[in-house]
Each structure stands twice: as structure tokens, then as C-alpha cells.
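Here the structure is laid out as C-alpha cells; the discussion comes afterwards.
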Amino acid sequence: MKTDIEIALEAELEPIQEVAKTLDLSGDDLDLYGKYKAKLTDELWEKIKDREDGKLILVTAINPTPAGEGKTTTTVGLGQAMHKLGKRSVIALREPSLGPCFGIKGGAAGGGYAQVVPMDELNLHFTGDFHAITSANNLLAAMLDNHIQQGNVLRIDPKQIVWKRCMDMNDRVLRNITVGLGRKADGVTREDHFIITVASEIMAILCLAENISDLKERLGRIIVAYDYDGEPVTAKQLNAVGAMAALLKEALKPNLIQTLEHTPAIVHGGPFANIAHGCNSMRATKTALKLADYTITEAGFGADLGAEKFFDIKCRMGGFKPDAVVLVATVRALKYNGGVAKADLGKENLEALKRGIVNLEKHIENVAKYGVPCVVTLNQFMTDTDAELDYVKQFCEEKGCSFALSQVWEKGGEGGIELAQKVVQTIEEKESRFQCLYEDFLSLKQKIETVAKEIYGAGNVVYEKAAEDALMRLEKLGFGNMPVCMAKNQYSLSDDPALLGRPEDFTIHIREAYVSAGAGFVVAITGSIMTMPGLPKIPAAEKIDLDQDGNITGLF
């Protein structure tokens with residue numbers, strides 16, 4: 001079987017102008033980035049903003065395992081299948097981060113015959129959005145340190161600086177650093193930190209901003225530090241907003257590319273779901289809803305992270321009301337949750353499947369709490385047996401969910417016809433009664449505990465003193481009405497990645513809390529989650545190469 005990148009490089013792409021025509025877009029609606037990529041202009045929104053919205057479908061998954069689930073692959077394949085059914089559809093995805101591409105996860109363009117292309121360009125520099133975000137983030141950091149060096153009129157306390165530098169790479173040695181060493185002219189010596197670009201508040205702001213005006217307002221609200229009186233100091237006070245907005249001008253525009261079957265894909269923004277809010281940009285989703293009858297989007301990692309944040313942060317802020325959820329699993333991943341070693345996942349094991357399916361069960365229950373109809377799909381593998389597939393199908397239908405097999409990795413859109421039909425049927429027959437999990441007026445602790453107990457299944461939440469003090473401080477500063485963005489490992493419903501299946505009555509540990517005032521949410525960091533990942537022992541970067549003809553190999 002060919003690798004994903006081999007399939008992608010052999011694909012015959014259509015000029016992006018031709019893809020745009022399927023959405024009734026003209027050349028004036030596009031800013032071209034070569035033959036196969038374009039940005040959607042600001043003027044386009046003014047033309048379409050009064051149109052009725054199409055249907056919104058969220059694709060999410062069980063907790064990820066080494067066995068693989070295929071959430072993005074399913075999203076792409078479902079979009080292609082909708083297109084084959086004659087439905088006017090568009091896919092709305094996040095942009096991949098360089099960190100995972102060179103680390104352990106690999107690319108994020110789907111897989112097999114359900115990919116967005118050009119895959120190599122998407123996974124690397126794409127249209128430069130992440131570089132712009134990184135530059136804006138680090139400009140603010142530079143202006144902050146320069147202000148202190150040049151007299152510190154704002155009386156910034158160097159011990160209370162909360163703004164971190166960023167880069168879009170996994171580099172553990174940058175988590176904790178010392179800056180300002182050397183001469184007096186080299187700045188004030190202090191401890192500093194790096195985070196990965198996709199965890200930056202600038203990324204979250206870009207993904208939540210409605211337009212340039214909203215972008216600038218949000219940038220201005222960023223808290224970079226506290227002064228000697230404990231009052232917050234913002235980017236607006238540092239006079240940094242205009243220059244940051246200038247760097248983000250083009251990055252704010254959504255990107256248009258295509259799938260292997262030429263279905264339009266709007267790919268924009270890329271916050272991690274285990275650290276940040278895990279959804280593509282507000283502008284991309286709103287544009288897609290105006291352009292198509294069916295918008296298929298995805299949220300990162302399992303439903304306990306991506307879907308929860310999609311519902312409680314993005315839908316809350318954007319006024320979205322999703323019409324259906326597609327919950328992705330594989331027989332292999334369910335057996336892994338049931339205690340089977342990765343090497344033995346190809347063997348039929350109904351007992352392990354029964355033990356592991358409780359993870360899927362919990363995610364089905366969680367989706368139901370939001371009032372959105374759910375369709376479960378299994379990415380089918382050659383090693384799956386009829387008995388295993390029948391067991392999962394019966395289990396899901398007994399839970400009130402529609403069920404469909406998916407073969408989009410192998411067959412592209414044709415392999416997703418059954419799933420697409422079930423999704424359309426579900427939307428037509430079951431009304432979405434979407435509601436957020438918690439109300440704005442609850443305290444920050446109440447919101448954290450609601451997510452931990454209702455979504456994760458925790459029995460208790462404990463707070464380190466630093467986190468407890470931070471939450472009290474944020475309440476006093478007026479940030480208590482914001483939603484919470486939980487930073488948690490993706491592998492388990494708990495904050496311990498080793499607890500697979502459906503752990504119950506465990507304790508969630510809140511280590512740290514801070515406000516992303518520009519984004520509009522409070523971040524609660526659980527367990528040992530890191531905002532700057534590290535590379536594995538054998539990083540994916542070791543297998544990536546460029547041949548004499550300029551073709552990239554080994555990317556995925």
C-alpha cells in the first residue's frame with residue numbers, strides 16, 4: 001500500500017479557481033498563493049454574510065490510542081462522500097503544527113484516499129499563518145522586555161511576567177530559560193519560558209476573532225504581566241496592538257484548498273485541543289456555513305477535549321448550534337482500551353472489545369449531554385471480524401446512536417457513502433437541542449468541576465495552592481464569567497494517561513490557572529500536561545527527506 005504522501009504527490013489537483021467555482025466563488029473572492037492554495041478575501045464575507053446557514057456537523061473521536069482512530073481522515077472522507085451524494089459540502093479543518101509533524105504524531109491532512117492537498121505544503125509552511133502568529137507573539141514579548149529596560153513606566157514586576165515566547169516546534173529545553181544575561185544593555189535578567197505556537201493566546205485570538213476590529217480589541221486585552229500593585233498590564237498599554245495586527249493581517253483570512261476528490265476544504269487556525277481550545281477559526285466555520293449546505297468540521301483529540309471545547313467555548317462565543325456529531329472509533333482502538341497489546345490488535349478478541357467499549361460509551365453519553373444527535377462510525381480495518389463489527393453496531397444502536405462503517409482511507413468518498421447517508425438521515429429525522437454544559441454565571445471552580453465530573457467522570461478535583469490563588473485572583477479581577485479551557489492529556493479521560501477505558505471516581509489535579517483575556521477564557525492546567533512538548537527518542541524528522549527532484553518524502 002502506498003504511503004499517504006505518495007498518494008498525495010501522485011494526485012492530479014485542480015487549479016484552486018476551479019475548486020472555488022463549486023462554491024460559486026469567483027477570482028475576485030480569492031487571494032492566490034500559487035496554483036492550489038488561496039485565501040478568501042475580506043470582501044467575500046460582506047457578500048455572503050446575510051445568507052442562511054447550512055447544517056453544521058462536528059467530527060470527534062474516542063480518546064486517541066497508538067492503534068489509530070482516523071478523525072481527520074473521516075472528516076475528509078465524509079466531505080468527499082457528501083459530494084458524491086450530490087450534496088453541496090465543504091470541509092472546515094485546522095492547520096497542522098510543525099511540532100507534531102517532526103515529532104511523533106506526523107502530519108494532519110487525513111490519510112489514504114481521504115486527504116486534503118497539497119499535503120506536503122499544508123503540513124509545512126502552508127500560507128505562513130503560523131509564522132505570522134509566532135512573530136506577533138514574540139514581538140509582544142520583545143516590546144515587554146524593552147519597556148522594562150527603557151525605564152519601566154508601567155511599573156511591571158519582572159517576577160509577575162506571564163507572557164511567554166513561542167515557536168512552532170517541539171523543543172523541551174526552551175520550557176524554562178533565563179534571559180537578559182550579559183551587559184546592562186542586554187536587558188533585565190529574569191526567568192522566561194517558551195510555549196509551542198499552537199498553545200499561544202495569539203493563536204486562540206486569531207481563531208476566535210470575527211474581523212480586524214475584533215482582532216485588535218482582543219489583542220489589546222492580552223495580559224502580559226502584573227505591576228507592583230498586582231494590577232494587570234496589557235498589550236494595549238504597551239502600544240503593541242497595531243504592529244501585532246499588521247503582522248496578522250493576512251493570517252486572519254481563511255485558506256481554501258481541496259481534497260483528493262476536489263471537494264473544497266477551508267483550513268484555518270490550529271490551536272491544540274490538549275492545551276488550547278482545539279478548533280479551527282470562527283471565520284472559517286462561519287464562511288463555510290454560508291457557502292455550503294453541509295459543513296463538516298473537526299475538533300482535536302477525543303470528545304472529552306476537542307468536542308467539549310467546541311461546544312463550551314466556540315459554540316458559546318460564535319452562536320453555533322451543531323446539527324449532528326460523528327463519533328469516530330476503531331475496533332483496534334477499543335480493544336487497546338480493553339487491555340490488548342498493540343502487536344495483538346489484529347486478532348479477534350470480543351472480551352477485550354467488551355472491556356474497551358466503555359470508552360466509547362462515555363463519549364456517547366457526553367455528546368448526549370449537549371443535546372446533539374450522534375452517529376458512531378468505525379474506521380474499518382482488514383483485521384476486523386464480522387463478530388466484532390456486529391457487536392459494536394448493536395452496542396451503539398442500543399445507546400440510541402445511528403451507526404455506520406467507514407472505509408474512506410481505502411476507498412475515499414465511495415467508502416463513506418453509508419456514513420454520509422446516516423448523517424443526512426440523522427439531521428433530517430432528529431432535531432438538535434444543543435445547549436452548553438454550564439452557565440456563564442457559575443464560578444470558575446464550579447465550571448472546572450462540572451467539566452471534570454460530568455465529562456471526564458472524576459469524583460474529585462484538587463487544586464495546588466498556586467492554582468487556587470490564581471483562580472481567586474481572576475475572580476476578583478472580573479474574569480469569573482468566562483468559560484474554562486481545560487489543558488489535559490489526550491490519552492485518558494483522567495489526567496493520568498495510563499488510565500485507559502472508562503476510569504471512574506478518580507481525582508483531577510489542577511496545577512496552574514491563568515486567563516487568556518484576549519481569547520476570552522480561563523485556562524486550567526491539569527496533571528503533568530506541558531505547553532511546550534518535547535521530541536520522542538526517534539523523532540519523525542529523522543525519516544523526512546527531499547529528493548533531487550524536489551519531492552518531500554517520509555512526511556507521513
Does a salt bridge link Lys253 with Asp31, judged by any charged N lying under 4.0 Å from a carboxylate O? yes
Which pairs, with at least one residue in residues 11-27 and sequence neighbours excluded, count as a salt bridge (Lys or Arg N to Asp or Glu O under 4.0 Å)? Glu18-Lys21, Asp24-Arg88
Check for a donor-acceptor pair, side chain of Thr526 on one end and backbone N or O of Ala487 on the other, with a separation under 3.5 Å. yes
Any salt bridge (Lys or Arg N to Asp or Glu O under 4.0 Å) pairs touching residues 135-147, not counting sequence neighbours? Asp145-Arg165, Asp145-Arg190
Does a side-chain N-to-carboxylate-O contact under 4.0 Å join Lys2 and Glu10? yes
Can you pull the salt bridge (Lys or Arg N to Asp or Glu O under 4.0 Å) pairs that have at least one residue in residues 271-286, sequence neighbours excluded? Asp42-Arg283, Glu210-Lys286
Are the aromatic rings of Phe301 and Tyr491 close, with centres under 6.0 Å apart? no
Those residues at least two apart in sequence (or on a different chain) that pass side-chain hydrogen bond (donor to acceptor under 3.5 Å, both in side chains) with Asn481 are none
With sequence neighbours excluded, tell me which residues meet side-chain contact (heavy atoms from CB on, under 4.5 Å) with Thr73. Ala114, Val408, Trp409
Using atom types as modelled and distance alone, determine if a side-chain donor or acceptor of Ser516 lies under 3.5 Å from a backbone N or O of Gly518. no
side-chain contact (heavy atoms from CB on, under 4.5 Å) filter on Leu247, not counting sequence neighbours, yields Ser135, Ala136, Leu139
Any donor-acceptor N or O pair under 3.5 Å, side chains Asp304, Asn63: yes
Heavy-atom donor-acceptor pair, Arg94 side chain to Ala299 backbone, under 3.5 Å: no
Got a sec, which residues hit side-chain hydrogen bond (donor to acceptor under 3.5 Å, both in side chains) with Lys37, two or more places apart in sequence or on another chain? Glu121
Residues forming a side-chain hydrogen bond (donor to acceptor under 3.5 Å, both in side chains) with Asp171, sequence neighbours excluded: none
Return each pair, listed once, that meets side-chain hydrogen bond (donor to acceptor under 3.5 Å, both in side chains) where at least one residue sits in residues 308-323; pairs must be two or more places apart or across chains. Asn280-Lys314, Thr285-Lys314, Asp312-Tyr370, Arg316-Asp440
Less than 3.5 Å apart, any donor N or O on the side chain of Thr553 or Asp545 sitting next to an acceptor on the other? no
Distance-only, no hydrogens or angles: does the Thr41 side chain make a donor-acceptor pair with backbone N or O of Leu44 under 3.5 Å? yes
Please check this pair: side chain of Arg218 against backbone of Ile205, looking for a donor-acceptor N/O pair closer than 3.5 Å. no
Determine whether the side chains of Thr263 and Gln80 contain a donor N or O and an acceptor N or O closer than 3.5 Å. no
Run the side chain to side chain contact (heavy atoms under 4.5 Å, CB included) check on Leu208 and His277 step by step: do they pass? CA-CA 10 Å; Leu208 294 169; His277 72 285; 3.9 Å; yes
Spell out, as yes or no, whether a donor-acceptor pair under 3.5 Å connects the side chain of Ser432 to the backbone of Pro322. yes
If we ignore angles and hydrogens, is there a donor and acceptor under 3.5 Å between the side chains of Thr134 and Thr197? yes
So, does Asn211 use its side chain to make a donor-acceptor pair with the main chain of Asp214 at under 3.5 Å? yes
Quick check: does any side chain N or O of Thr22 sit under 3.5 Å from a backbone N or O of Val19, one acting as donor and the other as acceptor? yes
Could you walk me through whether Ile427 and Tyr294 pass side chain to side chain contact (heavy atoms under 4.5 Å, CB included), step by step? CA-CA 10 Å; Ile427 290 173; Tyr294 294 91; 4.0 Å; yes
Between Asp168 and His131: side-chain donor-acceptor atoms closer than 3.5 Å: no
Side chain to side chain contact (heavy atoms under 4.5 Å, CB included) between Leu122 and Val117, worked out: CA-CA 7 Å; Leu122 172 63; Val117 284; over 6 Å; no
Is the backbone of Asp4 close enough, under 3.5 Å, to the side chain of Gln115 for a donor and an acceptor to pair up by distance? yes
Under the rule for side-chain contact (heavy atoms from CB on, under 4.5 Å), what residues qualify as partners of Glu95, not counting sequence neighbours? Phe126, Asp129, Phe130, Asn255, Val267, His268
For residues 237-249, the side-chain hydrogen bond (donor to acceptor under 3.5 Å, both in side chains) pairs (sequence neighbours left out) are Thr234-Gln237
Can you list everything that forms a side-chain contact (heavy atoms from CB on, under 4.5 Å) with Lys290? Sequence neighbours excluded, please. Trp45, Ile48, Arg51, Asp53
